[in-house]
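Here's the structure, in structure tokens; my notes come after.
Computed from a prediction, not measured in an experiment: that's the story for all the values here.
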Amino acid sequence: MEMLRPASEEASLRLDMYLTQALPELTRSAAARLIETGQVLCDGRRPPKSYRVTGGEIITVTLPDPVPLDAQPEDIPLAVVYEDEDVIVVNKRAGMVVHPAPGHSGGTLVNALLHHCGDSLSGVGGAVRPGIVHRIDRDTSGLIIAAKNDAAHLALSAQLEDHSLSRTYEAVVEGHLREDRGTVDAPIGRSRGDRKKMAVVPDGRRAVTHYEVIRPYRGCTHVRCRLETGRTHQIRVHMAYIGHPVCGDPVYGRARGDLTGQCLHAAALTFVHPRTMERMTLTCPLPEEFRRLLEKLERMEGPLS
């Protein structure tokens, strides 16, 4: 069951549209079916088909049981940055899918975690996403945290909601930013033209990305981005929206021959430990492909003075 609380700026959205934005795995037709069959409640009551969210109400969604996936433990090497009885933080390599899905039944982070942790993963995410608190894109590398029990999972999920769990990324983007630092505050939802893509849309969910320039190069810029919210593809969409797509991003920018995907890395993660209440900050180095690109820019193009 998913429990959602629309923000005030999402008021007046049709319920089915809101659900597709809040739960990216749902299509509009699937959301409509859930509403019609009573699997969606607003403040405990079944809403009419034409219901529009008011902002602040509690929406509960009973999702159908996932198709039996039988995710099997797989002995896949993991770069563990931190681990204890409650949480595990992994430096995910680019190219690894986080959890099983159609077309990716094996070789995922979940398969690797099942082997590494055994039964010590929370069940909040269900059989498909055991332990998974948040996701990062397949071709994005870096830190991802998983919970090893339900109490830890619920505590970390609450931190995602109130922004006390902070994620900082590094990226190389195309072009030169006018300001050394700034904020993109632009709502993100499904693209009107392509359901597989996200876009800045007027009726999307609020999305806020803070960025700062680390170093400009000729033709591109090394930046640091901090997420205030966590929408699907947020940094990739926001940077493309302001005219500086992430280098190598084949969806929102253009592919590069010297990159296998977007040059985006989750470099730092800050959270309050769910048991000790200690505020922890973990970091991990840039992946080799990212470093090679920076070295190439330094060597062949040179930094701007």
Side-chain angles (χ1 to χ4, degrees), residues 1-63 124-125 133-136 153-169 179 181-193 195 197-212 225-242 252 269-272:
M1 177 181 292
E2 296 279 353
M3 184 173 294
L4 309 168
R5 184 192 292 270
S8 58
E9 59 265 24
E10 295 170 315
S12 80
L13 276 180
R14 278 180 56 100
L15 180 57
D16 55 353
M17 181 176 291
Y18 168 75
L19 291 177
T20 62
Q21 295 177 4
L23 303 171
E25 64 267 31
L26 283 183
T27 63
R28 186 95 173 256
S29 58
R33 284 195 300 272
L34 290 176
I35 296 169
E36 291 172 6
T37 56
Q39 305 305 302
V40 179
L41 301 178
C42 296
D43 287 335
R45 297 185 295 275
R46 288 184 63 169
K49 292 181 181 179
S50 59
Y51 183 84
R52 293 179 179 272
V53 300
T54 60
E57 73 264 55
I58 300 297
I59 299 175
T60 55
V61 184
T62 302
L63 296 170
V124 174
V133 177
H134 66 102
R135 290 170 284 181
I136 56 179
H153 197 136
L154 293 172
L156 292 169
S157 294
Q159 292 180 44
L160 275 177
E161 290 296 320
D162 66 17
H163 313 311
S164 56
L165 191 157
S166 175
R167 291 161 289 166
T168 302
Y169 292 71
E179 306 292 337
R181 63 183 64 239
T183 296
V184 185
D185 186 345
I188 291 176
R190 288 287 177 186
S191 168
R192 299 287 192 270
R195 286 283 304 171
K197 295 175 62 174
M198 308 302 287
V200 170
V201 293
D203 54 0
R205 302 183 72 194
R206 185 169 186 247
V208 180
T209 303
H210 306 283
Y211 66 85
E212 61 176 315
C225 297
R226 182 175 62 82
L227 291 177
E228 185 172 317
T229 55
R231 308 305 176 208
T232 301
H233 299 174
Q234 180 173 316
I235 292 174
R236 299 165 64 192
V237 171
H238 271 171
M239 297 313 290
Y241 175 68
I242 64 173
Y252 302 103
L269 178 70
T270 298
F271 63 99
V272 176

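Using a distance-only test at 3.5 Å, with no hydrogens or angles considered, no donor-acceptor pair links the side chain of Glu2 to the main chain of Leu63. The backbone N or O of Arg226 sits nowhere less than 3.5 Å from a side-chain atom of His210 that would complete a donor-acceptor pair. Judged by distance alone, with hydrogens and angles left aside, the side-chain atoms of Thr229 form a donor-acceptor pair with the main-chain N or O of Val208 at under 3.5 Å. Proximity of a side-chain donor or acceptor of Arg206 to a complementary backbone N or O of Asp185 within less than 3.5 Å is not detected. Side chain of Tyr252 to main chain of Tyr241: no donor-acceptor pair is present (N/O by atom type, distance under 3.5 Å, no hydrogens or angles).
Atom CE of Met198 is separated from atom CZ of Arg236 by 11.5 Å, given to the nearest 0.5 angstrom. Between atom SG of residue Cys225 and atom CE of residue Met239 there is a gap of 5.0 Å, rounded to the nearest 0.5 Å. Atom-to-atom distance recorded for Thr20:OG1 and Leu15:CG is 10.0 Å, nearest 0.5 angstrom. To the nearest 0.5 Å, the span separating NE2 on His238 from OG1 on Thr209 amounts to 5.0 Å. From Ser157, atom OG reaches atom NE2 of His134 across 10.0 Å, with rounding to the nearest 0.5 Å. For the atom pair CZ of Arg14 and NZ of Lys49, the computed distance is 10.0 Å after rounding to the nearest 0.5 Å.
Checking Asp162 against Ser164 by side-chain atom types alone, a donor-acceptor pair falls below 3.5 Å. Looking at Gln234 and Tyr169, their side chains never bring a donor and an acceptor atom within 3.5 Å of each other.
Closest approach of Gly56 and Arg5 over heavy atoms only: O-NH1, 3.0 Å. Counting all heavy atoms, side chain and backbone alike, Val201 lies closest to Gly189 at CG2-N, 3.5 Å. Nearest heavy atoms, Leu19 versus Ile59: CD2-CG2, 4.3 Å. Of all the heavy atoms in Asp16 and Ala31, the pair that sits closest is O-CB, 3.8 Å. Closest approach of Arg192 to Pro202, counting heavy atoms only: NH2-CD, 4.4 Å. The nearest pair of heavy atoms linking Tyr211 to Glu179 is CE1-O, 4.1 Å.
Annotation: side chain of Leu227 is in contact with side chain of Ile235 (closest heavy-atom distance under 4.5 Å). Using a 4.5 Å heavy-atom cutoff, the side chains of Gln21 and Asp203 are in contact. Side chains of Val133 and Gln159 form no contact here, defined as non-hydrogen atoms less than 4.5 Å apart.
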Could you go through residues 37-47 and list every donor-acceptor pair under 3.5 Å that involves a side-chain atom there, pairing it with any protein atom two or more places apart or in another chain?
| residue | atom | partner | partner atom | Å |
| --- | --- | --- | --- | --- |
| Thr37 | OG1 | Arg33 | O | 2.8 |
| Thr37 | OG1 | Leu34 | O | 3.3 |
| Gln39 | NE2 | Thr37 | O | 3.1 |
| Asp43 | OD1 | Ile58 | N | 2.9 |
| Arg46 | NH2 | Glu36 | O | 2.9 |

Next on the checklist: Run the side-chain contact (heavy atoms from CB on, under 4.5 Å) test on Val53 and Met17 for me, step by step, so that the C-alpha distance in whole Å, both residues' side-chain angles and the decisive distance to 0.1 Å come before the verdict.
Outcome noted: CA-CA 10 Å; Val53 300; Met17 181 176 291; over 6 Å; no

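Counting heavy-atom neighbours within 6.0 Å of Glu161 CD, excluding the residue itself, gives a total of 12 or less.
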